[in-house]
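The structure appears below as structure tokens.
Throughout, a chain's letter reflects where its sequence line sits, starting with A, and its residues are numbered from 1.
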Protein chains: 2
Amino acid sequence: MTVSRVINHPEQVTPELKQLVEQAMAILHYRPNSAAKALANNRTNVIKFLILEDVDTTEPYYMTLLFGIARGLDRQQYALQLVTDREHLDLDHADGYIITGARSTDCQWIDQLAKPVVLFGENRHGYDFIDTDNKLGEQQATEYALAKNYQSIIFLGIDVREPFEYSREAGYINTLQRHQKVPQIHRMGNHSHESQHFISENWRKFARNTVFICASDRLALGAVRAIQQNGGRIPNDFGVIGFDGVFLDQVSNPKLTTVKQPVVQLGELLARMLLQKIAQSGAQQGELLVPPKLVLRGTIRT
Amino acid sequence: MTVSRVINHPEQVTPELKQLVEQAMAILHYRPNSAAKALANNRTNVIKFLILEDVDTTEPYYMTLLFGIARGLDRQQYALQLVTDREHLDLDHADGYIITGARSTDCQWIDQLAKPVVLFGENRHGYDFIDTDNKLGEQQATEYALAKNYQSIIFLGIDVREPFEYSREAGYINTLQRHQKVPQIHRMGNHSHESQHFISENWRKFARNTVFICASDRLALGAVRAIQQNGGRIPNDFGVIGFDGVFLDQVSNPKLTTVKQPVVQLGELLARMLLQKIAQSGAQQGELLVPPKLVLRGTIRT
DNA sequence: TTGTAGGCGTTATCAA
DNA sequence: TTGATAACGCCTACAA
């Protein structure tokens with residue numbers, strides 16, 4: 001019992017006794033047994049990471065996030081379980097959850113979870129979350145395109161009603177308005193062939209000196225291909241800026257100028273936020289927007 | 001106690017009682033408490049994944065492996081901890097270990113581990129392991145190059161004394177010998193600029209109709225760049241085959257023909273093997289070589 | 001400030 | 001075949 005107190009409530013123990021106990025712990029290589037601790041505290045020392053979207057295993061975005069979470073966790077004797085199967089979600093035996101890919105329809109069961117939850121990705125339902133600062137990212141991209149004197153600045157967006165998309169568009173719109181320019185947004189499914197097709201179909205309408213600001217690297221890839229097919233010169237006559245900076249940006253030739261998300265760091269932060277929330281018995285943690293970074297590569301003038 | 005028996009030793013319980021208990025469990029939504037189980041069994045329900053190499057966080061190889069391990073684990077109520085810091089390895093509180101990046105000098109402390117260990121990567125120290133079948137992979141690559149009538153087939157290897165490299169070279173050598181051809185191996189550090197430099201320096205010595213079989217996609221990338229710089233035509237006059245198939249193969253232009261490792265699957269298999277070893281109280285599991293797949297893309301004739 | 005008793009949920013062991 | 005008891009290692013609550 002005294003040992004327990006030395007560890008958890010050292011202020012209740014006299015300095016001499018405390019030191020004695022600490023010496024003994026050192027000599028005996030004492031390590032608290034986490035299973036016993038878990039049992040007594042009604043804890044599991046496990047957190048679950050739920051990926052509610054279909055995981056395309058070739059897309060390293062979530063793997064990178066998982067890696068970050070694992071990193072953020074490993075100091076604290078906490079372990080991680082991955083849950084990808086939407087059908088039989090096993091939600092027992094965890095002290096908390098990190099959830100990504102949640103849609104509005106998931107609120108129902110998320111609200112019923114007994115343990116702390118942190119979301120990855122902006123949401124407007126009051127859940128604590130961490131995300132890239134999508135708005136800031138597209139602001140930076142748009143500002144940069146303006147600074148490089150491209151005349152026409154067009155946004156290629158993703159055709160979903162999700163906060164991340166609204167924020168990205170908002171970053172673009174706000175910046176253009178501030179410069180007295182009229183925003184021009186085209187939305188489509190998040191596939192490179194869709195943006196490729198769109199640009200090729202409308203090629204005549206795009207004057208030289210145009211930048212396509214894309215809501216994803218996938219769309220940006222398609223844009224690059226379409227411009228090249230139609231004989232446009234990148235980056236002199238046409239610029240492209242992507243968003244994400246995970247893997248795909250390097251697949252393009254030339255490599256994409258893109259708004260790069262710090263995905264590993266986001267994972268670490270998610271883990272820390274959840275651990276803190278658990279330690280504070282579920283206290284609200286608020287929202288955390290992490291600034292992304294505009295990475296200059298070959299698809300825009302520098 | 002009877003419930004415990006129904007779960008763990010059902011053969012010791014009469015069918016009627018067993019059914020009764022199972023009904024009750026269903027009605028009450030009974031879920032065994034894993035912390036209590038862990039305490040009683042002297043288990044932790046945690047396995048640790050040790051990455052002993054420096055993790056370049058932009059290289060998704062280990063992230064992919066981590067993802068695979070997490071997948072293989074999540075059925076079994078087992079959770080995962082990632083250990084990357086070689087300095088303060090925390091090796092307590094785990095039921096087993098998956099280790100990657102181990103060198104011969106690590107045997108000393110690995111031997112002292114009290115819990116089951118499975119290695120990722122070939123080793124010749126008798127540890128259970130799982131790996132890609134490196135030899136088979138390079139056999140396939142070499143056979144394919146021969147079948148496409150390239151005259152000269154050169155191996156660019158990595159300058160390390162590790163089993164995986166020996167196996168890859170062996171696959172190449174054996175195949176050439178079988179076809180009465182003389183192997184030609186050049187070893188260098190595993191960086192694209194090293195292979196690029198090597199080929200450029202020796203460009204005159206390479207006749208048309210040469211294939212470079214590379215021990216990694218990194219080396220293959222450099223080979224492609226060197227050939228292009230020197231005006232060689234890919235794949236008609238020069239072929240390149242890489243090894244790994246994680247991420248880098250898609251960065252090249254044209255995309256790499258490569259020997260693709262099933263990394264997610266390897267992770268899943270690692271998890272399963274370790275869980276089985278734990279269940280069998282540490283029984284030897286042997287070696288498992290998983291066949292890779294030659295992926296045909298743009299850097300060799302098809 | 002320190003020590004004692006009891007309980008967390010499971011399983012091994014032994015008794016019925 | 002089934003039930004009772006103790007033990008796993010820690011923590012809360014209370015007593016000294």
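Looking at which nucleotide of DNA chain D each of Leu39(A) and Gln12(B) is closest to, the 5′-most match is held by Gln12(B).
Taking the ring centre of Phe243(A) as origin, the terminal cationic atom of Arg168(A) falls inside the region bounded by 6.0 Å and 45° from the ring axis.
The CG atom of Asn42(B) sits 21 Å away from the P atom of dA6(D) (whole-angstrom rounding).
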(request) Could you encode protein contacts along nucleotides 11-16 of chain D as a string, one character per nucleotide from 5' to 3', using B for base contact, S for sugar-phosphate-only contact and - for no contact, with a heavy-atom cut-off of under 4.0 Å? (result) BB----
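Legend: residues meeting side chain to side chain contact (heavy atoms under 4.5 Å, CB included) with Ala283(B), ordered by chain and number and at least two apart, are Gln280(B), Gln285(B). Residues passing the side chain to side chain contact (heavy atoms under 4.5 Å, CB included) test with Ser104(B), sequence neighbours excluded: His125(B). Remark: Ser216(B) pairs with Ile158(B), Asn190(B), Arg218(B), Leu219(B), Asp244(B) by the side chain to side chain contact (heavy atoms under 4.5 Å, CB included) rule, at least two apart or across chains. Scored by the side chain to side chain contact (heavy atoms under 4.5 Å, CB included) test, Asp111(B) finds Cys107(B), Tyr127(B) as partners (sequence neighbours excluded). For Glu165(A), there are no salt bridge (charged side-chain N to carboxylate O under 4.0 Å, His left out) partners at least two apart in sequence or on another chain. Taking Asp133(B) as the reference, nothing meets the salt bridge (charged side-chain N to carboxylate O under 4.0 Å, His left out) condition, with sequence neighbours excluded.
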(request) List the steps and the verdict of side-chain hydrogen bond (donor to acceptor under 3.5 Å, both in side chains) for Gln81(A) and Tyr78(B). (result) CA-CA 7 Å; Gln81(A) 266 185 292; Tyr78(B) 257 83; over 6 Å; no
(request) Please test Leu52(B) against Thr100(B) for side-chain contact (heavy atoms from CB on, under 4.5 Å), starting from the C-alpha separation and ending with a verdict. (result) CA-CA 6 Å; Leu52(B) 298 180; Thr100(B) 186; over 6 Å; no
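Contact between the side-chain N/O atoms of Thr2(B) and the OP1/OP2 oxygens of dT1(D) is not found at any separation under 4.0 Å.
Side-chain contact between Tyr97(B) and Leu91(B) is present, with at least one heavy-atom pair separated by less than 4.5 Å.
The span of DNA chain C lying next to chain B, judged by atoms under 4.0 Å from heavy atoms, is bounded 5' to 3' by dG9(C) to dA12(C).
Tested against Thr132(B), the residues Glu122(B), Gln265(B), Gln261(B), Lys293(B) include a single side-chain contact (heavy atoms from CB on, under 4.5 Å) partner, Gln261(B).
Applying the side-chain hydrogen bond (donor to acceptor under 3.5 Å, both in side chains) test to residues at least two apart or on different chains, the pairs with a partner in residues 35-47 of chain A are Thr44(A)-Asp95(A).
Of the residues in residues 15-32 of chain B, those placing a heavy atom less than 4.0 Å from an atom of DNA chain D are Leu17(B), in numerical order.
Taking five base pairs at each end of the helix from dT1(C)-dA16(D) to dA16(C)-dT1(D), the local helix axes there meet at an angle of 40°, rounded to 10°.
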Counting only pairs under 3.5 Å, give me each side-chain donor-acceptor contact of residues 25-36 of chain B, with atom names and distances, residues two or more places apart or in other chains.
unit_1, atom_1, unit_2, atom_2, d
Arg31(B), NE, Asp92(A), OD2, 3.1
Asn33(B), OD1, Ala35(B), N, 2.7
Asn33(B), OD1, Ala36(B), N, 2.9

